[in-house]
Amino acid sequence: MNKVLSSEYYQLLEEIQSVDFVLVELTLYLDTHPQDYDAIEQFNLFAKQSKELKIKFEKKFGPLMQYGRSYSNYPWDWDNTPWPWQV
């Protein structure tokens, strides 16, 4: 089934991906610089932002991740496509 998705869907998904990319990079940096207090603060800030963006996305567009990492609406909405990794 091909759904037409709003520009907000793509914008919010791109923002989540950008923030999560920063988290990956900070994780790699902190693996070699575990005492960098400023980097840890940045990591925590972006982790909070990532969580908030994902909550916002899921409220509007449905779950992002399976296996208990995202809640389901009623009725079960995992059969609603496309899934975020398909766009």
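Only a predicted model underlies this, so the values are computations on that prediction, with no experimental measurement involved. Every heavy atom of this structure was used, including side-chain atoms; hydrogens, water molecules and symmetry mates were not.
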Legend entry - Residue pair Leu26 / Ala39: nearest heavy atoms and the distance that separates them: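 It is CD2-O, 4.2 Å.
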Legend entry - Other cluster members, Val24 - Ile/Leu/Val/Met/Phe/Trp/Tyr, side-chain contacts below 4.5 Å: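 Members besides Val24, by chain and number: Leu28.
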If you define the side chain from C-beta out and look only at heavy atoms, does anything of [X] sit under 4.5 Å from [Y]?
X: Gln42; Y: Leu30; result: no
X: Phe61; Y: Leu12; result: yes
X: Phe21; Y: Glu25; result: yes

Out of curiosity, [X] [atom1] to [Y] [atom2], how far, rounded to the nearest 0.5 Å?
X: Ser50; Y: Glu15; atom1: OG; atom2: CD; result: 10.5 Å
X: Gln11; Y: Leu5; atom1: CD; atom2: CG; result: 14.0 Å
X: Lys54; Y: Leu13; atom1: NZ; atom2: CG; result: 10.5 Å

Inset, instruction - Please answer: with hydrophobic residues joined when any side-chain heavy atoms are less than 4.5 Å apart, are Ile55 and Ile16 in the same cluster? - result: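 No, separate clusters.
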Inset, instruction - Indicate if Leu53 and Leu45 have the same hydrophobic cluster label, given that clusters are the connected sets of ILVMFWY residues with side-chain heavy-atom separations under 4.5 angstrom. - result: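 No, no single cluster joins them.
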Inset, instruction - Mark yes when over 12 heavy atoms from residues, nucleotides or ligands other than Glu14 sit less than 6.0 Å from its CD; otherwise mark no. - result: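 Atom CD in Glu14 is not crowded, with 12 or fewer foreign heavy atoms closer than 6.0 Å.
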Inset, instruction - Enumerate the residue pairs fulfilling ring-ring contact (aromatic ring centres under 6.0 Å, His included) with a member in residues 34-54, sequence neighbours excluded, ordered by first and then second residue. - result: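 Listed once each, the pairs would be none.
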Inset, instruction - Using the test ring pair (Phe, Tyr, Trp, His ring centres under 6.0 Å), find all partners of Tyr29 that sit at least two apart in sequence or belong to another chain. - result: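 Here the qualifying residues are His33.
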Inset, instruction - Inspect the contact between Glu52 and Lys48 and indicate whether a charged nitrogen and a carboxylate oxygen are less than 4.0 angstrom apart. - result: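 Between Glu52 and Lys48 there is a salt bridge, with a charged N closer than 4.0 Å to a carboxylate O.
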